Amino acid sequence: MDHLDRLENKSVNILREAYSQFKNLGMLWSIGKDSTVLVWLARKAFFGHVPIPLVHVDTHYKIPEMINYRDRFAKEWKIDMIYGENKVALDSKQTYPDGNVSRLQCCKFLKADALKHTLNGDWTRYRLNHKKGVYEIDENREAFTGVIVGVRADEEGSRSKERYFSPRNKENTWEFGDQPPEFWNQYKTDFKPGTHVRIHPLLDWTELDIWEYIQREKIPVVSLYFDQGEGKRYRSLGCYPCTTPVDSTAKNVEDIVEELKTGKFANIAERSGRAQDKEDGGGLEELRKDGYM
């Protein structure tokens with residue numbers, strides 16, 4: 001097996017282990033490259049079918065192409081697709097684009113709080129009706145006790161403190177200093193009742209690994225990652241008021257792989273275009289302790 005085969009096998013094993021151990025399991029899909037690779041791996045792990053609901057937190061400030069991509073492939077791949085939102089914050093205009101809160105507060109309201117309450121089932125969730133092709137209010141309000149996330153340790157500092165099976169309390173609060181040890185690929189999956197667990201099958205992958213795997217598997221990704229002729233592309237995707245592209249002429253996956261191999265971005269953080277990270281002191285630790293992805 002080559003390097004990508006080993007990464008794939010480990011991730012598939014973690015996905016299957018999570019599916020066997022947690023009753024109410026969901027998978028977060030941000031529409032970015034990492035979580036899309038995760039969906040692809042789940043399709044491999046379960047022989048073309050994804051038996052786990054996919055959950056997306058819709059801030060209503062995502063780049064429209066991202067939402068179009070989500071719905072197109074949710075239908076094509078027959079995915080059980082759910083989204084949640086912070087309707088109160090949106091209706092009361094407690095957002096950064098409305099000028100009423102900081103970027104960090106906006107992320108807390110529209111992402112961390114929306115994620116927490118969507119997972120807990122406290123707030124309204126919307127589920128894709130494949131027959132009608134539209135989203136409808138989800139009658140199932142049962143909480144997700146385990147959630148699979150496309151986090152990579154190399155992407156950002158606080159993520160390197162995660163475990164493959166990382167416990168939170170029932171409020172989704174993360175005590176990163178109190179994580180179970182994971183030695184020799186032995187994972188703790190037996191947690192006390194009320195524990196919310198985040199599962200990270202991509203923890204060992206790098207940015208280059210992700211793009212080489214996308215290249216090998218021919219995984220369709222959002223075209224925002226590619227230069228459209230202006231000498232810029234997105235390296236990390238988020239809400240459009242707080243996300244900026246990088247200078248790059250990479251027009252396809254092959255170009256991105258070659259660009260990363262040159263070391264062009266070796267000393268530039270992958271999330272350098274995400275303005276909210278700078279407000280959080282250059283990382284996401286405070287947001288992530290409160291439930292952010």
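Since this is a predicted model, take the numbers as computed values, not measurements. Hydrogens, waters and symmetry mates play no part in the numbers below; they use all other heavy atoms, side chains included.
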[atom1]-[atom2] distance between [X] and [Y], expressed to the nearest 0.5 angstrom:
{"X": "L115", "Y": "L110", "atom1": "CG", "atom2": "CG", "value": "12.0 Å"}
{"X": "F144", "Y": "N24", "atom1": "CZ", "atom2": "CG", "value": "7.5 Å"}
{"X": "L90", "Y": "E85", "atom1": "CG", "atom2": "CD", "value": "6.0 Å"}
{"X": "Y225", "Y": "K33", "atom1": "OH", "atom2": "NZ", "value": "4.5 Å"}
{"X": "N13", "Y": "K10", "atom1": "CG", "atom2": "NZ", "value": "9.5 Å"}
{"X": "T244", "Y": "R235", "atom1": "OG1", "atom2": "CZ", "value": "11.5 Å"}

With clusters defined by side-chain heavy atoms of hydrophobic residues (ILVMFWY) lying less than 4.5 Å apart, directly or transitively, does F109 cluster with V88?
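No; tracing contacts between hydrophobic side chains, which count when under 4.5 Å, never links both residues.
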
Should V222 and I67 be counted in the same cluster of Ile, Leu, Val, Met, Phe, Trp and Tyr side chains packed under 4.5 Å apart?
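Shared cluster, no.
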
Using 30° and 60° as the class boundaries, would you call the ring planes of [X] and [Y] parallel, tilted or perpendicular?
{"X": "H117", "Y": "W123", "result": "parallel"}
{"X": "F22", "Y": "F165", "result": "parallel"}
{"X": "Y83", "Y": "Y126", "result": "parallel"}

Which heavy-atom pair separates [X] from [Y] by the least distance, and what is that distance?
{"X": "A89", "Y": "N86", "answer": "N-OD1, 3.0 Å"}
{"X": "Y240", "Y": "I63", "answer": "CB-CG1, 3.8 Å"}
{"X": "D34", "Y": "L202", "answer": "O-CD1, 3.3 Å"}
{"X": "T118", "Y": "G84", "answer": "OG1-CA, 3.4 Å"}
{"X": "D138", "Y": "I82", "answer": "OD2-CD1, 4.1 Å"}
{"X": "E270", "Y": "S236", "answer": "O-CB, 3.6 Å"}

Would you sort out whether I52 and F46 count as a side-chain contact (heavy atoms from CB on, under 4.5 Å), showing the intermediate values?
CA-CA 10 Å; I52 304 162; F46 302 104; 4.2 Å; yes

Strictly below 4.0 Å, N to O, side chains only: are [X] and [Y] in salt-bridge contact?
{"X": "R43", "Y": "E217", "answer": "no"}
{"X": "R216", "Y": "D5", "answer": "yes"}
{"X": "K131", "Y": "E136", "answer": "no"}

Looking at side-chain heavy atoms only, is the closest gap between [X] and [Y] below 4.5 Å?
{"X": "L237", "Y": "M66", "result": "yes"}
{"X": "W77", "Y": "V50", "result": "no"}
{"X": "F73", "Y": "I79", "result": "no"}
{"X": "V221", "Y": "W211", "result": "yes"}
{"X": "Y61", "Y": "C106", "result": "no"}
{"X": "C239", "Y": "Y96", "result": "no"}
{"X": "E17", "Y": "I199", "result": "no"}
{"X": "L203", "Y": "V151", "result": "yes"}

So does [Y] get a backbone contact from the side chain of [X], meaning a donor-acceptor N/O pair under 3.5 Å?
{"X": "R125", "Y": "I137", "result": "no"}
{"X": "R16", "Y": "A45", "result": "yes"}
{"X": "D98", "Y": "N100", "result": "no"}
{"X": "S35", "Y": "S30", "result": "yes"}
{"X": "R141", "Y": "G121", "result": "yes"}
{"X": "Y213", "Y": "V37", "result": "no"}
{"X": "R127", "Y": "E139", "result": "no"}
{"X": "T206", "Y": "D209", "result": "yes"}
{"X": "S11", "Y": "E8", "result": "no"}

If you draw a 6.0 Å radius around [atom1] in [X], do more than 12 non-hydrogen atoms from other residues or ligands fall strictly inside?
{"X": "K87", "atom1": "NZ", "value": "no"}
{"X": "Y19", "atom1": "OH", "value": "no"}
{"X": "K251", "atom1": "NZ", "value": "yes"}
{"X": "E230", "atom1": "CD", "value": "no"}
{"X": "K78", "atom1": "NZ", "value": "no"}

Quick one, D71 with L128, criterion side-chain contact (heavy atoms from CB on, under 4.5 Å). Give me CA distance, side-chain angles, the key distance, then yes/no.
CA-CA 9 Å; D71 293 343; L128 178 61; 5.7 Å; no

With side-chain contact (heavy atoms from CB on, under 4.5 Å) as the criterion, how do D255 and F226 come out once you've worked through the C-alpha distance, each side chain's angles and the decisive distance to 0.1 Å?
CA-CA 9 Å; D255 287 349; F226 310 124; over 6 Å; no

Could you walk me through whether D247 and K232 satisfy the salt bridge (charged side-chain N to carboxylate O under 4.0 Å, His left out) test, starting with their C-alpha distance in whole Å, then the side-chain angles of each, then the deciding distance to 0.1 Å, before giving a yes or no?
CA-CA 5 Å; D247 293 330; K232 293 183 178 294; 2.6 Å; yes

Verdict with supporting geometry, L38 and I148, side-chain contact (heavy atoms from CB on, under 4.5 Å)
CA-CA 9 Å; L38 199 54; I148 301 168; 3.6 Å; yes

Hydrogens and angles aside, do T36 and W29 bring a side-chain donor and acceptor to less than 3.5 Å of each other?
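Note: T36 and W29 side chains meet the donor-acceptor criterion.
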
Less than 3.5 Å apart, any donor N or O on the side chain of S248 or R233 sitting next to an acceptor on the other?
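Yes.
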
